[in-house]
Participant: 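Dumping the structure here so I can ask a few things about it.
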Amino acid sequence: MRKGELDLAVVFRKTFRRVLCMGEVAVQLLSNSSDPNRGSISTTCGSYHRQISAGANRLRQIPFQIQTENRMIYNPADEIILHVRAWHHGTGADDYLYHHDISLHSYLKRRRDHGGLLASPLKQGTMIFAKTIPYMIISFVDFLIILILITLSWVCLSTATAAVALLITLIYIILTLTYGLTVSTLVDKQVNAVIVSAITAMIPVLMLSGMIFPIDNMPRVLQAFSSIIPARWFIEAVRKVMIQGQGFLMIGKELFIMTGMTLFLLGITIAKTKKRLD
Amino acid sequence: MKTLKYLIEKEFKQMFRNPLIPRLIVLFPTMVLLVFPWAVSFEVKNIKIDVVDHSKSVYSKRLTDKIAASHYFNLNDTPPDYRTAMMNMESGETDMILEIPASFDRDVVKARTSGVGVAVNAVNGTQGLLGSNYIMQIANDFSSDLRDELMHTVPPQSRASLMRLPKVEIIPQYKFNSKLDYKNFMIPGFMVLLLTIICGILPALNTVMEKENGTINQINVTPISKINFILAKLIPYWVVGIVVMIISISVTFLIYGLWPAGSAIAVLFSAIVFIISVSGLGIIISNNSETMQQASFLVMFFILILVLLGGMFTPVSSMPAWAQLIASINPFNYLTETFRMLYLNGSTLADVSGNLFVLALIAIVLNSWAILGYKKRG
């Protein structure tokens, strides 16, 4: 087991058979519990044991037994591709934008240094907005590809579901692009922009957004932190719509929060950009 | 040899000229190890459950109380019918529904087998599985209680044979992680994650930055050999990686009290082999990119694949065949396994030598590629 070759050992006493017929007997399980979920095998073994002894006791009716009939609701297999999409949009959109905006700012700086006319803030805004459009298109194409993949492999999508998913994704794309804009106004070097985007976009989304680890299990502080991460709301909304098949009304809260975040980040970007020009 | 020394000096100077990088090296591992291990948990606790009780008898109420008292479950509501309960599940108010039929108390009293319906929200697959297992456990406990209490109502002839039901008791012994603490399992994984990110991204952006600045042309016209040039780029990142490892091991010990059950030297040694591989990959990406955008996309792409298919979050054995194939050439996978074995299992260097061999192989391949693939002509 230390060499990593063995996961479970079952120990039977020598007198197992004899003792079994008389009544009670104990069996020892040694499990490699470095992975607690695989290691807490007693549950699984317990139910195997019950099945076996139920088979052995077939001829005897055991009274006072409560049997549970289990039904799993919502196919969990659909999860996976949504995770990938959420992450991709989150980190991808941010990355795209950081780099390009750094070059925008250095370009503007060069123009200013060379004594060129200072562009009015409106023109500036239009230029920045124009910078984001190619990335929006790329993200949108991305979304279509993912939609096709989903339809091919897992879920049968109704038009209504796809439409709502489209809406959610559009809002999320705009949100992450705005986040990218904000970071690019706050960071000076392109290298640093990449590093900051990796740290603030990739790692928290991976850990805290409810993508892999359930949010309910986290301590309160981290749950609060999770609510700041845009990906969390995106994932919740998409799960409700695509896996649970709910409609537009149920995701109002998530959409509202995402829109609010977008406006907030936009405000920061505009404020910072104005400052830079002056 | 002297050339190499000067080149390394230059690289270090360039590295520290950017104020973010020293802070990154020290603060990032500390923050990650402080915060994120608390977030990771596949445990299933506080499952919200609705009980639809059609029987409303003494026995069904006892079962409901038993469930409410269990620390696995939070009793959310007792709606009057299944449809209301389903609406609760759809709105996310509850995760499970237990439906007790109207004939429950009659079945119990008449010593028959009674059935209850369990519906569980399996969006979180683990929660669904474990939740239904817990309910089964509680139901079984309850039925043994009932058996003890009501055995006297069973006619004497059948009673005798029932009393001698063979019972097998299972005694589990949880080795290597006796408290079943999921954090202990994930922390070695986090260390590998830190190494991958820091020693992957920084080298990847290194040469590209010089290309964009134009300073690469000056190096290219000198008679510096490829080996010297690339080695000088790699060695600072090996040092950075070792520093990150030392910080990680210390933080883990100070905060979580976790120290390798195997040897700490083995941990450092395997880390070094991995660092050599990952930084080699970074340099390859850097050599083949013209702009920083290109380089950062490529490096993010590789890091994503390395991490997700690296056995840190999901066990490799539950992956489909094609993913397992990728995992077999993924250095992340080998190092995570090695770290876990050294930290938790108490394996010795001999035990992990298989993994180390593969890691060394990958390191040699990647670094040769990095050195041979560099073209001075640009």
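Each chain gets a letter, A, B and so on, in the order the sequences are listed, and its residues count up from 1. Only heavy atoms go into these numbers, but all of them, side chains included; no hydrogens, no water, no symmetry mates.
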Participant: Under 4.5 Å from any heavy atom of chain A, what part of B/Glu337 do you find: side chain, backbone, both or neither?
Facilitator: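 For B/Glu337, neither part sits under 4.5 Å from chain A.
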Participant: With sequence neighbours left out, write down each residue that passes salt bridge (Lys or Arg N to Asp or Glu O under 4.0 Å) with A/Glu254, or none if nothing qualifies.
Facilitator: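 Result, salt bridge (Lys or Arg N to Asp or Glu O under 4.0 Å) vs A/Glu254: A/Lys240.
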Participant: Tell me, for B/Val299 versus chain A, whether the close heavy atoms (under 4.5 Å) come from the side chain, the backbone, both or neither.
Facilitator: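 Neither part.
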Participant: In terms of heavy-atom proximity below 4.5 Å to chain A, should B/Tyr343 be classed as side chain, backbone, both, or neither?
Facilitator: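 When you check distances to chain A, no heavy atom of B/Tyr343 falls under 4.5 Å.
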Participant: For B/Phe190, is it the side chain, the backbone, both, or neither that has a heavy atom closer than 4.5 Å to a heavy atom of chain A?
Facilitator: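 Side chain of B/Phe190 only, per the 4.5 Å heavy-atom cut-off to chain A.
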Participant: Could you list the residues that satisfy salt bridge (Lys or Arg N to Asp or Glu O under 4.0 Å) with B/Glu210, not counting sequence neighbours?
Facilitator: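 Scan of B/Glu210 (salt bridge (Lys or Arg N to Asp or Glu O under 4.0 Å), adjacent residues dropped) gives B/Lys10, B/Lys233.
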Participant: Which one wins on heavy-atom pair count under 4.5 Å against chain A: B/Asn18, B/Leu193, B/Ile201?
Facilitator: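 Maximum pair count with chain A is reached by B/Asn18.
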Participant: For the atom pair CD1 (B/Ile198) and CD1 (A/Ile195), what is the distance rounded to the nearest 0.5 Å?
Facilitator: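 Between atom CD1 of B/Ile198 and atom CD1 of A/Ile195 there are 9.0 Å.
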Participant: For B/Leu202, is it the side chain, the backbone, both or neither that has a heavy atom under 4.5 Å from a heavy atom of chain A?
Facilitator: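 Side chain only.
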Participant: For B/Trp38 versus A/Pro219, what's the shortest heavy-atom pair and its separation?
Facilitator: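 Nearest heavy atoms, B/Trp38 then A/Pro219: O-CD, 3.2 Å.
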